[in-house]
Amino acid sequence: MNSPASLLDTAALKKKLNGRKFGSKIYSFETIDSTNNCARALAGCWAEEGTLVLAERQTAGRGRLGRTWLANPYENLTFSIILRPTLPPEALNLLPLYAAVAVAEAIEHESGLSVECKWPNDLLIGGKKTAGILLEGSLKEEGLDYVVLGIGVNVNQTTFPEDISPRATSLKVQGGRDIDRIRLLREILRTLEIHYAAIMKKGFHNLLPLWLSRTTMINKEISVTQDGAVISGIVRGLSPEGALILDAGGTEKTLFAGDVTILGS
Ligand code: BTN
């Protein structure tokens, strides 16, 4: 078991990865601006697929839509993985769903808690956010050059800043016990690698039902803020491209991005 104030033991992690591709190269930092920034710089210098960047403390950790990602050091997981998928740029809408399913499965495996997916990039437990995914891609002429998959999981943190506290939670808050971060990280890398191999081989059609089986958004009323505009409607499903399909007062809308609030929750 990790003591709450110890650095992640990356040597132990490496041993447990048994030669897998995800985590084959690990860059571990006590403090960094953002693991996504570092992973992007490495990817631009030809770092190989599966390279993992992790940090205890991020001074400029970021979330989607320009938000800040705050996480106490020694208590959480904040890391990024470099992917080099042979996929068209449109896959950038689907990859967060893949990551959400993989991370949800790993969290459930290690904590026994049941994890819900909230479109597009959030994982919830008990209706509150436990993990977030930030995908940043770089294009080349023929398609995607690389993708950095940034993942933050609230693991053993038990108090949150006042402004996010009503919406944030952690595995420890939900399950009442410490979670071993190395075991959880190893399991996340394993599930990410397995689902990645499957989507590279067969595409996303087996993945979307897995995501749908983990969401409670279907048939719920939501509002989505997109570039300052608000669209409300009932969620009807996902398009094959990973967009959210809304019934907005009888008109079907297909949304590729936005900030979602589930109304009445
Ligand atoms: C979100 O919920 O908006 C996405 C949060 C993603 C946070 C992670 S922590 C590791 C990686 N580095 C960052 O700066 N952000 C991601």
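Predicted model, so just to flag it, every value in this text is computed and none were measured. Each residue takes its place number in the sequence, starting with 1. Ligands are counted one by one from 1 in listed order, and the atoms in each one are counted from 1 as well.
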Name every donor-acceptor pair, under 3.5 Å, that has one atom in a side chain of residues 166-174 and the other anywhere in the protein, sequence neighbours excluded.
unit_1 : atom_1 : unit_2 : atom_2 : d
R167   : NH2    : D163   : O      : 2.8
T169   : OG1    : Q174   : NE2    : 2.8
S170   : OG     : Q157   : O      : 2.6
S170   : OG     : K172   : N      : 3.3
S170   : OG     : V173   : N      : 3.0

Report, one line per pair, each donor and acceptor closer than 3.5 Å where one atom sits in a side chain of residues 86-107; sequence neighbours left out.
unit_1 : atom_1 : unit_2 : atom_2 : d
Y98    : OH     : L192   : O      : 2.8
E105   : OE1    : H195   : NE2    : 2.8
E105   : OE2    : H195   : NE2    : 3.3

Distance-only side-chain donor-acceptor flag, N72 / R57, under 3.5 Å: no
Any donor-acceptor N or O pair under 3.5 Å, side chains N36, S80: yes
Any residue meeting salt bridge (Lys or Arg N to Asp or Glu O under 4.0 Å) with D33, in chain and number order, not counting sequence neighbours: none
Under 4.0 Å from ligand 1 - residues by heavy atom, chain and number: S34, T35, N36, Q58, G61, R62, G63, R64, W69, T78, F79, S80, D122, K129, G132, I133, L134, G150, I151, G152
Atom of C117, atom of T215 and distance for their closest heavy-atom approach: O-OG1, 2.8 Å
